[in-house]
Amino acid sequence: MSKVVVIDPGHGLPDPGACGNDLQEHERAFRLAQLVQNVLTRHGVAVFLTRNSERSLSNATNLKTNKNEDLAARQRFSNSKTTDFFLSLHMNASDDPTANGYETLCYSQNGQIEVLHTAVKAFLQQHGLKDRGIKIRTNLAVLKVRAKAALLECFFITNPKEAALMSDAAFLLDLAEAIGKGVLAAIGIAYVPVKKPAAPQPIQPKEEQLMKTEDANKIIRILQDRWNMATCQDEKKEIGRLADEVRVAAGMKKVNS
C-alpha cells in the first residue's frame, strides 16, 4: 500500500499568518505545500492537504474561535487517515528584520525528524542560509496528531532577503525538492531526482560546396599543366595555391603546404 503523508499549509484566511515584505504566510505556505506534494506524488506517495484553498477550515467569524476550530479540524483530518507523516509548513517572523534562517519544530525528536532536517540542511548549505536546528515544541497544537509530525519554519517573512527568496519560483521549487527528499527519507522511500532534459548540442554548419568535384578536377588538370611548364619556383607556388583554393571550393582537401 502507498505511504500516506498529510501536508498542512499553515494558517488560512481570515488568519493570514505572518506578513512582511508584501508577502503573507498563508499564501507562501500553500504554494510550497503544492510543490512538495508534487515531489511526493512523483514517488507514489498518497498526499492529502489539510486545506485546498486560501481559507481556513472554520467558518467562524471570530478570529480566535476560527483559529481554534481550524487547528482542531486539521488534527481530525490527519487522524482520520492512516498517516505515515504529518508536515506543517510555515514562515517565521520577527520584529528584527535581520532575524534569519530555517528551523524544524517537533513534539519529540527521532530518526524521522532528523533525516528530514538533514535533507533540508544540505540545501541550506548550498545557498549559504542559516540552519537554526531542530527544536522541541510540545505547546504547538498542530503537532499533537497521531502520526510523527514536523513543523517547518521556512525562513523569515520579515527578512527582506529571505522574503525575496521565497518569492522566487526557482528557489521555491528547489526548496520543495529538498523538503520532499527529506520526507521520503523519513517514510523509507528512496528519492529519485528529476531527470532534466539534456542540453541540445549546437549544430555545426556545413561548409558550403561552391563547385562540383568534376569541374574542380578539370581546372586542377589545367593548372597542373601550367605548373609543369613553369620555370620559376614562385610561379609554381602560386599555381599550387590556386589549385588548393579550387579543391577547397569543391569540398576537397588541400595538397600543398
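The shown structure was predicted, so the numbers you read here are calculated from the model rather than taken from an experiment.
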Quick check on the hydrophobic clustering: are Val115 and Phe123 connected, directly or via other members, by side-chain heavy-atom contacts under 4.5 Å? no
Between Asp244 and Arg247, does the salt bridge (charged side-chain N to carboxylate O under 4.0 Å, His left out) criterion hold? Intermediate values first, please. CA-CA 5 Å; Asp244 273 345; Arg247 291 186 179 94; 3.0 Å; yes
I need the full list of ring pair (Phe, Tyr, Trp, His ring centres under 6.0 Å) pairs touching residues 5-37, with sequence neighbours left out, sorted by first then second residue. His11-His90
Tell me whether Leu35 is reachable from Leu23 by hopping between hydrophobic residues (I, L, V, M, F, W, Y) whose side-chain heavy atoms are closer than 4.5 Å. yes
Donor-acceptor pairs under 3.5 angstrom involving side-chain atoms of residues 169-186: please list them, not counting sequence neighbours.
residue: Glu177; atom: OE2; partner: Arg42; partner atom: NH1; Å: 3.2
residue: Glu177; atom: OE2; partner: Arg42; partner atom: NH2; Å: 2.6
residue: Glu177; atom: OE2; partner: Tyr191; partner atom: OH; Å: 2.8

Atom NZ of residue position Lys144 - does it have more than 12 heavy atoms of other residues, nucleotides or ligands inside 6.0 Å? yes
So, Thr98 versus Asp96: side-chain donor-acceptor pair below 3.5 Å or not? yes
Besides Tyr107, the hydrophobic cluster formed by Ile, Leu, Val, Met, Phe, Trp and Tyr side chains linked at under 4.5 Å, directly or via other members, contains Val4, Val6, Phe48, Leu71, Phe77, Phe86, Leu105, Leu140, Val142, Leu143, Val145, Leu151
Closest heavy-atom pair, His43 versus Val39, reported as atoms and distance to 0.1 Å, is ND1-O, 2.8 Å
Out of Glu162, Arg28, Arg132, which residue meets the side-chain contact (heavy atoms from CB on, under 4.5 Å) rule with Phe155? Glu162
Step through the shown structure and confirm whether more than 12 heavy atoms of other residues, nucleotides or ligands are within 6.0 Å of NZ on Lys135. yes
I'd like to know if Leu124 and Leu87 are part of one continuous hydrophobic network [Ile/Leu/Val/Met/Phe/Trp/Tyr, side-chain heavy atoms within less than 4.5 Å]. yes
Shared ILVMFWY cluster between Ile189 and Val120, side chains joined below 4.5 angstrom? yes
Donor-acceptor side-chain pairing of Ser108 and Lys148 below 3.5 angstrom: yes
For the hydrophobic clusters of this structure (ILVMFWY residues joined by side-chain heavy atoms under 4.5 Å, transitively), does one cluster hold both Tyr102 and Phe156? no
Does Asp22 CG have over 12 foreign heavy atoms under 6.0 Å away? no
To which residues is Ile222 joined in a hydrophobic cluster, defined by side-chain heavy-atom contacts under 4.5 Å among Ile, Leu, Val, Met, Phe, Trp and Tyr, whether direct or through other members? none
Do Glu27 and Arg31 pass the salt bridge (charged side-chain N to carboxylate O under 4.0 Å, His left out) test, and can you show the C-alpha distance, the side-chain angles, and the key distance before you say yes or no? CA-CA 6 Å; Glu27 189 278 328; Arg31 181 60 188 139; over 6 Å; no
So which residues get pulled into Leu57's cluster when ILVMFWY side chains under 4.5 Å apart are joined, directly or through others? none
How about NZ on Lys67, more than 12 heavy atoms from neighbouring residues, nucleotides or ligands closer than 6.0 Å, or not? no
Modelled atom types, side-chain donor and acceptor of Ser58 and Asp70, under 3.5 Å: no
Count the heavy atoms of every other residue, nucleotide or ligand shown that sit under 6.0 Å from CZ of Arg226, and state whether that count exceeds 12. no
According to side-chain contact (heavy atoms from CB on, under 4.5 Å), who are the partners of Asn21, at least two apart in sequence or on a separate chain? Pro160, Ala163
